[in-house]
Amino acid sequence: MIEDPFAAHRSLLFTVAYEMLGSAADADDVVQETWLRWAEVDRAAVRDPRAYLVRIVTRQALNRLRTVARRREEYVGEWLPEPLLTSPDVADDVELAESVSIAMLTVLETLSPTERAVLVLHEVFDVPYDEIGEAVGKSAAAVRQVAHRAREHVAARRPRTAVSRAEQQRVVDRFLAAVTSGDLEGLLDVLAPDVVVVADSGGLAPAALRPVTGRLRVARALARFAELAPGVTITTPLVNGTVAARIDGGGPFDTAITFVVEDGRISRMYATRNPHKLRRLDEPVALRR
């Protein structure tokens with residue numbers, strides 16, 4: 001029995017939608033909308049089902065991006081992409097892991113919807129410019145220009161250094177050892193001088209409403225964690241393709257933290273505390289290119 005193309009490419013379609021939207025819930029809705037449109041298609045007339053489905057999901061994601069713009073403008077505090085528990089195969093695919101990292105998705109948030117679609121489709125999924133043009137309603141030449149502009153924008157803002165999973169684990173372990181023991185000197189040693197911490201609570205949990213910058217400010221804020229949140233459970237799962245920290249059992253302390261590691265120190269931390277965004281951390285989400 002031949003597998004239905006939609007079922008065969010469902011994980012790919014979810015990944016495209018998620019990278020464009022930064023929200024698993026919105027990506028699920030877009031994939032469902034894509035299935036409804038696919039169900040009405042004359043399959044015999046579709047020459048390349050994968051390309052056809054990617055085109056549909058891209059259009060639906062662009063529509064969704066425009067509808068959620070106001071929702072994000074009214075969001076309380078900083079808005080971060082929704083973290084996902086991912087399997088080791090995502091981390092092993094270096095390009096995919098980088099593209100779905102919270103750090104990269106945060107950078108993609110600074111692009112226009114069309115720039116984001118073009119960059120994701122071409123750089124991550126190797127979709128040709130002419131096919132992207134059909135999805136976004138532009139010529140291949142115009143798409144090429146959009147891609148160039150988007151690449152330059154992202155290159156100026158993306159983390160500069162890629163490190164191995166083993167190095168990520170070592171640095172995160174050092175950080176957690178210092179946090180849980182209230183070791184201020186240990187924290188100062190593992191944090192980069194210009195470290196930035198971005199927290200997302202949506203106003204539903206205690207968190208800074210603006211990024212906290214600077215090693216001393218961040219270390220002082222974290223050094224009291226051990227006395228403020230006794231008895232919590234901390235694990236280091238793979239979240240969005242990278243080693244993260246998950247804090248459970250503390251009610252308002254429940255958090256997922258992802259890190260950017262550069263030169264053996266943490267240069268950025270993304271702390272998700274909005275409980276509505278912590279729902280995809282119990283079962284790995286299938287992401288595919």
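Numbering of residues begins at 1 and proceeds along the displayed sequence.
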Side-chain contact test, heavy atoms from C-beta onward, threshold under 4.5 Å: evaluate it for [X] versus [Y] and give yes or no.
X: Arg149; Y: His153; result: no
X: Glu95; Y: Val124; result: no
X: Arg265; Y: Val171; result: no
X: Tyr270; Y: Pro81; result: no
X: Lys138; Y: Val118; result: no
X: Leu108; Y: Glu115; result: no
X: Arg116; Y: Glu19; result: no
X: Arg288; Y: His9; result: no

Would you mind listing every ring pair (Phe, Tyr, Trp, His ring centres under 6.0 Å) that reaches into residues 224-246, with sequence neighbours excluded?
none

Taking only residues at least two apart or on different chains, which pairs with a member in residues 166-189 satisfy ring pair (Phe, Tyr, Trp, His ring centres under 6.0 Å)?
Phe175-Phe259

Can you sort out the partners of Arg66 under salt bridge (charged side-chain N to carboxylate O under 4.0 Å, His left out), two or more places apart, ordered by chain and number?
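None.
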
List for me each residue that meets salt bridge (charged side-chain N to carboxylate O under 4.0 Å, His left out) alongside Asp92, sequence neighbours excluded, and say none if there are none.
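Residues passing salt bridge (charged side-chain N to carboxylate O under 4.0 Å, His left out) with Asp92: Arg165.
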
Can you tell me how far the [atom1] atom of [X] sits from the [atom2] atom of [Y], to the nearest 0.5 Å?
X: Ile257; Y: Ile234; atom1: CD1; atom2: CD1; value: 8.0 Å
X: Thr272; Y: Asp200; atom1: OG1; atom2: CG; value: 5.5 Å
X: Thr34; Y: Tyr52; atom1: OG1; atom2: OH; value: 11.0 Å
X: Arg50; Y: Leu13; atom1: CZ; atom2: CG; value: 9.0 Å
X: Glu109; Y: Arg157; atom1: CD; atom2: CZ; value: 13.5 Å
X: Ile132; Y: Thr114; atom1: CD1; atom2: OG1; value: 11.5 Å

Counterpart residues, side-chain hydrogen bond (donor to acceptor under 3.5 Å, both in side chains), relative to Glu33 (two or more places apart)
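Listed in chain order: Arg64.
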
Step by step, would you call Gln168 with Thr242 a side chain to side chain donor-acceptor pair (under 3.5 Å)?
CA-CA 8 Å; Gln168 292 171 358; Thr242 188; 2.9 Å; yes

Please check: side-chain N/O of Arg71 versus main-chain N/O of Thr67, any donor-acceptor pairing under 3.5 Å?
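Checking the backbone N and O of Thr67 against the side chain of Arg71, no donor-acceptor pair under 3.5 Å is found.
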
Any donor and acceptor pair, going by atom type alone, linking the side chain of Asp26 with main-chain N or O of Tyr18 inside 3.5 Å?
no

Can you give me every donor-acceptor pair (side chain of residues 183-199, partner residue at least two apart or in another chain, under 3.5 Å) with its distance?
| residue | atom | partner | partner atom | Å |
| --- | --- | --- | --- | --- |
| Asp183 | OD1 | Glu185 | N | 3.2 |
| Asp183 | OD1 | Gly186 | N | 2.9 |
| Asp183 | OD2 | Gly186 | N | 3.4 |
| Asp189 | OD2 | Arg174 | NH2 | 2.9 |

If you look at every heavy atom in [X] and [Y], which pair is closest and at what distance?
X: Ala135; Y: Leu62; value: O-CD1, 4.3 Å
X: Val172; Y: Thr236; value: CG1-CG2, 4.0 Å
X: Val136; Y: Val143; value: CG2-CG2, 4.1 Å
X: Ala271; Y: Thr255; value: CB-CG2, 4.0 Å
X: Thr86; Y: Val239; value: OG1-C, 3.9 Å
X: Leu287; Y: Thr15; value: CA-OG1, 3.3 Å

Determine, for [X] against [Y], whether the closest basic-nitrogen to carboxylate-oxygen distance falls under 4.0 angstrom.
X: Arg70; Y: Glu73; answer: no
X: Arg289; Y: Asp126; answer: no
X: Lys277; Y: Glu82; answer: no
X: Arg55; Y: Asp48; answer: no

Give a yes or no on this: more than 12 heavy atoms of other residues, nucleotides or ligands lie within 6.0 Å of atom CZ of Arg72.
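Yes, CZ of Arg72 has more than 12 neighbouring heavy atoms, counting only those of other groups under 6.0 Å.
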
Show your working on side chain to side chain contact (heavy atoms under 4.5 Å, CB included) between Leu65 and Leu21 and close with a plain yes or no.
CA-CA 6 Å; Leu65 270 175; Leu21 295 162; 3.6 Å; yes

Taken in chain and number order and not counting sequence neighbours, the residues that satisfy ring-ring contact (aromatic ring centres under 6.0 Å, His included) with His122 are Tyr129

Listed partners of Phe125 passing ring-ring contact (aromatic ring centres under 6.0 Å, His included), at least two apart
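Once residues adjacent in sequence are excluded, Phe125 has no partner under the ring-ring contact (aromatic ring centres under 6.0 Å, His included) criterion.
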
Apply side chain to side chain contact (heavy atoms under 4.5 Å, CB included) to the pair Leu278 and Asn274, showing each step before the final yes or no.
CA-CA 7 Å; Leu278 299 175; Asn274 183 336; over 6 Å; no

Check whether [X] and [Y] end up in the same hydrophobic cluster, where Ile, Leu, Val, Met, Phe, Trp and Tyr are linked by side-chain heavy atoms less than 4.5 Å apart.
X: Leu209; Y: Val218; result: no
X: Met20; Y: Trp79; result: no
X: Val94; Y: Leu96; result: no

For [X], all residues meeting side-chain contact (heavy atoms from CB on, under 4.5 Å), sequence neighbours excluded:
X: Arg246; value: Thr235, Pro237, Asp248, Leu281, Asp282
X: Ala8; value: Glu3
X: Ser201; value: Ala205, Ala207, Arg273
X: Trp35; value: Phe6, Gln32

Please test Val285 against Phe14 for side chain to side chain contact (heavy atoms under 4.5 Å, CB included), starting from the C-alpha separation and ending with a verdict.
CA-CA 10 Å; Val285 176; Phe14 175 86; 3.5 Å; yes

Run the salt bridge (Lys or Arg N to Asp or Glu O under 4.0 Å) test on Arg268 and Glu262 for me, step by step, so that the C-alpha distance in whole Å, both residues' side-chain angles and the decisive distance to 0.1 Å come before the verdict.
CA-CA 9 Å; Arg268 294 188 77 86; Glu262 299 180 84; over 6 Å; no

Criterion side chain to side chain donor-acceptor pair (under 3.5 Å) on Arg144 and His148, from CA distance to verdict:
CA-CA 6 Å; Arg144 192 182 297 273; His148 177 71; over 6 Å; no

Should Asn240 and Leu105 be marked as a side chain to side chain contact (heavy atoms under 4.5 Å, CB included) after you check the CA-CA gap, both sets of side-chain angles, and the distance that decides it?
CA-CA 10 Å; Asn240 288 65; Leu105 293 176; 3.9 Å; yes

